[in-house]
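Structure record follows, encoded as structure tokens.
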2 protein chains.
Amino acid sequence: MRSSLQGKGRPRAFDRNEALEKALEVFWRQGYEPASVAALCSAMGINAPSLYASFGNKSALFIEALDYYEQAYWSKPAERFLGEPDIARAVENFFLEAAEILLSPDTPCGCMVVLAAINISSEAREVSEAVRRLRFATKKMFADRLQRAVLDGQLAADADIPALAGALNAFLEGLSIQARDGILQAELKAMASHALRLLPSPEAR
Amino acid sequence: MRSSLQGKGRPRAFDRNEALEKALEVFWRQGYEPASVAALCSAMGINAPSLYASFGNKSALFIEALDYYEQAYWSKPAERFLGEPDIARAVENFFLEAAEILLSPDTPCGCMVVLAAINISSEAREVSEAVRRLRFATKKMFADRLQRAVLDGQLAADADIPALAGALNAFLEGLSIQARDGILQAELKAMASHALRLLPSPEAR
DNA sequence: GCTATTTTGTAATAATCACTAAAAAATTGT
DNA sequence: ACAATTTTTTAGTGATTATTACAAAATAGC
């Protein structure tokens, strides 16, 4: 009899959050479909029935891991991006931070949102919808910040904001693929430093 | 007894090249692993033993389809890119052509090289190596053309060619993901038109 | 027509997939 | 100690996977 904080039955023998982090790592490295439930269980240190009791099923586990990933890795960079008053600095810093995340020494896998659910069988539509939604959210983040830069007079009023946001988004997504292809972080950062140039040239601002 | 052009045994009842094109379409739309041999057979109009007799196995069929794709869709744009004397025109035209290919009305799937074999189980290493090799080849194409622009005096001598080539490559790869995410071709072209800006600004040239 | 050769369709193979039925084990409250 | 409840482990489920054994069919050369 421990305390009464936990429910009645037999207590869970694993830490749910630790297990989720382990699952995240497997999904991140291998992608949704190549990550078998057996491999997930092995990495999480639990058996299949525990996984299903705690997380529902494979796709629900993936989506929960995906949200955890987004929160853990990208919420602060996004905040800094939106908080930086100068649009050029904001873009430059964000892409340098991104290059660090995409090839951080412990998880050199590119971005999970971009890469983990590209080749997906048609049944798992909820999964591909989840990553798609997050990719659109990133593009919207770019668009919102650019729009503010127009209002601030830092970008020309006739700038094509949707196209520019899309271009920044494409560049960011492409960095993920090259991260996965195994280049050095220094190279990725050198590429990322060019993101700034996608903005209309300073003369026009 | 037809002619003696064909071998001795029972003649093949299908056109090998047509079957390859059908397989290409399935791999392109679905990706390597979600494309089951059964689905491939169905699209190709043949049974599994015919597939294995003609193409070896699934991975060999994919690689052959991949090479066919590269040749059929990208060899001419690449030639034009390398043949255009003005670097700015070369980049601008190439990315507009790319946007058209990525969302051509009959195959609105993004680029097969970029998207078809991202989530791959570790056994099919030959497949992921094949697409990786082609992605590197594209980056090298950018680097070679940019290097020539330096020699031509169209780019500053101190330009960081590898980083610039990587940036163009990242942008191109990112366009594929957005193409897959279902935007309109007009939007994709508007984004693609910004590729030009990744080059060092005209003042520095 | 006969033999050799290759392709065909049918049907099966073993392996792996996501998922779960069932019973034992561990807790809480009485 | 006992009942109620939840998690654990074990061992399966049926479906799907890529691949192939086998025999019938169709050709060429003799």
Side-chain angles (χ1 to χ4, degrees), chain A residues 1-20 23 26-27 30-65 117 119-128, chain B residues 1-20 23 26-27 30-65 117 119-128:
Chain A
M1 58 172 108
R2 295 190 196 161
S3 84
S4 59
L5 279 178
Q6 66 189 31
K8 287 191 178 180
R10 176 172 177 170
R12 171 178 293 131
F14 62 96
D15 184 282
R16 193 180 185 279
N17 209 61
E18 279 179 20
L20 181 62
V26 174
F27 279 132
Q30 305 191 22
Y32 177 71
E33 295 213 317
S36 69
V37 171
L40 289 164
C41 286
S42 169
M44 298 164 87
I46 61 178
N47 295 114
S50 299
L51 188 157
Y52 283 85
S54 277
F55 298 99
N57 58 20
K58 185 183 175 182
S59 65
L61 173 61
F62 176 85
I63 290 172
E64 193 171 339
N119 307 125
I120 212 107
S121 45
S122 48
E123 308 121 33
R125 188 149 297 168
E126 10 166 67
V127 167
S128 53
Chain B
M1 61 171 105
R2 295 191 197 161
S3 83
S4 58
L5 277 179
Q6 66 189 31
K8 287 190 178 181
R10 177 172 176 171
R12 168 180 295 132
F14 63 96
D15 183 282
R16 193 180 184 281
N17 210 60
E18 280 180 20
L20 182 62
V26 175
F27 278 132
Q30 304 192 20
Y32 176 71
E33 295 213 317
S36 69
V37 171
L40 288 163
C41 286
S42 169
M44 298 164 87
I46 61 178
N47 294 113
S50 299
L51 188 158
Y52 282 84
S54 278
F55 298 98
N57 57 19
K58 186 183 174 183
S59 65
L61 172 61
F62 176 85
I63 290 173
E64 193 171 338
N119 307 124
I120 212 105
S121 47
S122 49
E123 307 120 31
R125 187 148 298 167
E126 9 167 71
V127 168
S128 53

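Below, read A as the first sequence line, B as the second, and so on, with proteins coming before strands; counting in each chain starts at 1.
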Sub-3.5 Å donor-acceptor pair from the side chain of B/N47 to the main-chain atoms of B/S50, do we have one?
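Answer holds: no.
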Counting any heavy atom closer than 4.0 Å, what does [X] reach on the DNA or RNA strands: base, sugar-phosphate only, or nothing?
X     : value
A/A35 : sugar-phosphate
A/A53 : nothing
A/V37 : sugar-phosphate

May I have the distance from [X] (atom [atom1]) to [N] (atom [atom2]), rounded to whole angstrom?
X     : N      : atom1 : atom2 : result
A/E33 : C/dC17 : CD    : C1'   : 10 Å
A/R12 : C/dT27 : CZ    : C1'   : 14 Å
A/L51 : D/dT9  : CG    : P     : 13 Å
A/L61 : C/dA18 : CG    : P     : 11 Å
A/Y32 : C/dA18 : OH    : C1'   : 9 Å
B/Y52 : D/dA21 : OH    : C1'   : 14 Å
A/N47 : C/dA24 : CG    : C1'   : 14 Å
A/D15 : D/dT7  : CG    : C1'   : 15 Å

Check A/K58 against A/E33 and note the closest heavy-atom contact, atom names and distance.
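Minimum heavy-atom contact is NZ-O, 3.5 Å.
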Requested in this report: Taking all non-hydrogen atoms of both residues into account, name the closest pair between B/V37 and B/L51 and its distance.
Outcome: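 In terms of heavy atoms, the two residues are closest at CG1-CD1, 4.4 Å.
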From the set D/dT9, C/dA18, C/dT5, return the single nucleotide nearest to any side-chain atom of B/K8.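 Comparing D/dT9, C/dA18, C/dT5 against the side chain of B/K8, the answer is C/dT5.
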- Closer to the 5' end of DNA chain C via nearest nucleotide, is it B/E123 or A/A48?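 The 5'-side residue here is B/E123.
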Whichever of B/P49 and B/G9 has its nearest DNA chain D nucleotide further upstream toward 5':
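Its nucleotide being nearer the 5' end, the pick is B/P49.
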Quiz prompt | Residue whose closest nucleotide on DNA chain D lies nearer the 5' end, B/R10 versus B/K58 | solution =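 Closest to the 5' end, via its nearest nucleotide, is B/K58.
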query: Would B/M44 and B/F14 satisfy side chain to side chain contact (heavy atoms under 4.5 Å, CB included), going step by step from the backbone distance to the final call?
result: CA-CA 9 Å; B/M44 298 164 87; B/F14 63 96; 6.0 Å; no
From CA spacing to verdict: side chain to side chain contact (heavy atoms under 4.5 Å, CB included), B/L20, B/L61
CA-CA 8 Å; B/L20 182 62; B/L61 172 61; 3.9 Å; yes
(request) Tell me whether the OP1 or OP2 atom of C/dT8 has a side-chain N or O from B/S50 closer than 4.0 Å. (result)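 For B/S50, the contact criterion (side-chain N or O under 4.0 Å from OP1 or OP2 of C/dT8) is met.
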